[in-house]
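Each chain gets a letter, A, B and so on, in the order its sequence line appears, and its residues count up from 1.
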Amino acid sequence: MSIDCPVYQVQNLHLSLADMTQKSFFGSAPQINILKDISFDIMKGEVLGIVGGSGSGKSTLGRTMIRLLEPSQGRIFFEGQDITHLPEENLRPLRHRFQMIFQDPMSSLNPRRKVGRIIEGPLKLHGFDRISERMAEALDLVGLPRSFQGRYPHELSGGQRQRVGIARAIATRPDFILADEIVSGLDVSSQAQVLNLLADLVRELGLTLAFISHDLAVIRRLCSRVLVLKHGQIVELSTTERLFEAPSSDYTRELLNAIPLPDPDQIWATN
Amino acid sequence: MMKPFLSIKNLTVSLKSSKEPLLRSVSLDLAAGNVLGLVGESGAGKSMIGKAILGILPQAVEITAGEIWLNDQELLRKPAKERRKFIGASTALIPQDPLTALNPSRRIGPQITERLVDILDWKKDAALARALELLNEVQIPDPERVMHSYPHEISGGMRQRILIASAFAANPKLIIADEPTTALDVTVQKQILHLIADLQARHQTSLLFVTHDLGVVSKVCQHLSVLYAGKVIEASEIRDFFKNPKHPYSRALLAATPKYNDPASSLTPVPEEVIAEVEAEIFAPRTECSHVN
């Protein structure tokens, strides 16, 4: 696997949206800057963690990268191609190459569709051949029995539902996956299972992954590099090892100190 | 141990339709002014215990056996009306999701005061004054403004503070906190947990703390009970538990909890053998559960 080629290049990215709460009856609403001057690369085969508190802009950054949102300034390159302002019809042929796994599987899986149809959805949309075969392979890859294709999402546990979300994302064999807080709704045992599965898939399929989370403990297990966001700005971008050994920003230290370890003797005072 | 304030004895809750038990002869004790953690995976029945105490079990389930003692009074044998009045006056709930617990179309103020006025017969001014005092106590800046705000106008952390204020409003003797910080990020979670612990200590409230996060339990609780499939499989003092978890399932749960400060810690899901072992113990009749003390 070549590791030199960046899958994503993000350069001086800005995103502002209209603040509708401040809009007067006449005239336009003021803009609020959500992402401010963000630049980074993601290399092939890398797992990049994106961390920050709620409202820091992590999900907005992720959604801008896969062009669910259009940036106001700056540029985004996907495998060398400028996708910053690409119109939807030109994005469509690229979309199967960057997929997303959502936080809440209950609201991102259609409750009226069986698992098989859910996973086949993107395959049909992008005009793949051998659809049911690919769907069955995706189920195999996430470790769900093939018989699950006949079940509805409500018949599955939280961890199983999240596996369906993963299966749908990998069915089109993407180069890049954005995983947005995908284990925060799960209890520790299912969380461990899903994370291990994701780590295996990254290795087996040569995936590149951006993993959004507010939980640094989870990041440590999965990611090779970590980007820390605060108020829409990058406050730290370093290798996972360095981030945990010697965090350079106060905000990172604050995030680390806030994690309750399973240890009653940990000093956990408010700062 | 001093006389428990809350004592649950052999509580069994089952589905009305299939008679399938959801809580299997659960017993636990909570001393006055103490914090007891209820830990388990999703579906273990943690929240069900809280709901049984508060008398808000879903329609589809019923209590088939057991006793719930609160302050030397048995709840389940009381007439329904009297029971509701007693529970309403002495307990409160801090729910998991503040956005669904607050009415989105009403201002914050009346949502805190109405329980005091309508149910506990407080005077309106007194309730209003108490609400302001509480919002100060939970460190909400500019409480007057917040009282006039709608839930969507304030942040998730603030909403959770409001619900905490609301829970402590009528000086309850027992508070049930049902995963109160799962929806929050770590820094806000830390503030909220400190706040709950402070208020609990100051008012000497007994607290039943439901969570799946062993990290959180180690910070707030003095005792914990581990549940699996509606059964208490281990009940321990907090330091004993983290030093020496007795049940293999507890050990596996602890191993599955991520520890950011330990690069060697691997995330190990609870192994199949352990699940098989604990299930054999629960579902095989007449096997004494040896790990409960």
Side-chain angles (χ1 to χ4, degrees), chain A residues 21 51-56 58 103-104 143 157-159 181 183-199 213-222 230 240-241 243-245 247 251-271, chain B residues 39-44 46 152-153 155-157 181-191 193-195 197-198 211-222 237-243 245 249 252-263 265-271 274-275:
Chain A
T21 61
V51 205
S54 32
S56 60
K58 2 183 238 307
Q103 171 168 13
D104 177 7
S157 72
E181 297 269 16
V183 293
S184 41
L186 304 176
D187 58 55
V188 281
S189 187
S190 336
Q191 182 176 312
Q193 284 172 6
V194 169
L195 289 173
N196 290 342
L197 168 70
L198 213 53
S213 179
H214 66 260
D215 187 345
L216 278 161
V218 166
I219 294 275
R220 172 154 225 183
R221 281 288 303 135
L222 195 66
K230 186 189 185 187
T240 308
E241 207 175 320
L243 184 100
F244 283 90
E245 294 307 322
Y251 184 63
T252 313
R253 269 190 291 275
E254 192 187 322
L255 281 179
L256 282 170
N257 291 336
I259 299 172
L261 290 168
D263 169 10
D265 296 319
Q266 180 198 7
I267 297 158
W268 200 62
T270 33
N271 0 300
Chain B
V39 186
E41 291 175 78
S42 19
K46 317 184 284 292
H152 73 267
E153 296 177 310
S155 71
T181 58
T182 347
L184 306 172
D185 74 57
V186 280
T187 45
V188 183
Q189 163 171 284
K190 185 172 174 181
Q191 296 162 3
L193 290 177
H194 274 286
L195 179 68
D198 278 359
T211 178
H212 64 259
D213 187 336
L214 284 171
V216 169
V217 166
S218 76
K219 299 293 167 288
V220 250
C221 305
Q222 282 117 28
E237 195 272 324
I238 205 83
R239 268 165 219 282
D240 287 352
F241 178 84
F242 284 98
K243 226 173 273 162
Y249 177 77
L253 207 56
L254 206 50
T257 305
K259 295 155 209 72
Y260 77 88
N261 60 340
D262 177 8
S265 91
S266 57
L267 292 179
T268 336
V270 176
V274 176
I275 304 246

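Summarising the geometry of B:K190 relative to A:A258, their closest heavy-atom pair is CD-CA, 3.6 Å, with the distance given to 0.1 Å. When every heavy atom of A:P262 is checked against every heavy atom of B:T257, the shortest pair comes out as CG-CG2, 3.9 Å. Between A:D187 and B:S42 the shortest heavy-atom distance is OD2-OG, 2.5 Å. When all heavy atoms are compared, the tightest approach of B:K219 to A:L261 is NZ-O, 2.8 Å. For the pair B:T268 and A:A192, the tightest heavy-atom approach, listed with the atom from each and the gap, is C-CB, 4.0 Å.
Put simply, of A:P264, A:G55, A:A217, the one with the most heavy-atom pairs under 4.5 Å next to chain B is A:P264.
A:L186 touches chain B through its backbone: at least one of N, CA, C or O sits under 4.5 Å from a heavy atom, while the side chain does not. If you measure heavy-atom distances from A:Q191 to chain B, the contacts under 4.5 Å come from the side chain alone. With a 4.5 angstrom heavy-atom cutoff, B:L193 touches chain A only via side-chain atoms. For chain B, the nearby part of A:L195 is the side chain; its heavy atoms alone come within less than 4.5 Å.
Proximity of A:S54 to B:L184: side-chain heavy atoms (C-beta onward) are nowhere separated by under 4.5 Å. In this structure, B:Q189 and A:P260 have side chains that are in contact, with non-hydrogen atoms separated by less than 4.5 Å. Counting heavy atoms from C-beta outward, A:Q266 and B:S218 have side chains that stay 4.5 Å or more apart.
Between the CG atom of B:D213 and the CD1 atom of A:I259 there is a distance of 10.5 Å, given to the nearest 0.5 Å. Between the CG atom of B:D185 and the CG atom of A:D215 there is a distance of 10.5 Å, given to the nearest 0.5 Å. Considering CG of A:D263 and CG of B:L214, their distance stands at 12.0 Å, rounded to 0.5 Å.
Using a distance-only test at 3.5 Å, with no hydrogens or angles considered, a donor-acceptor pair links the side chain of A:S189 to the main chain of B:V270.
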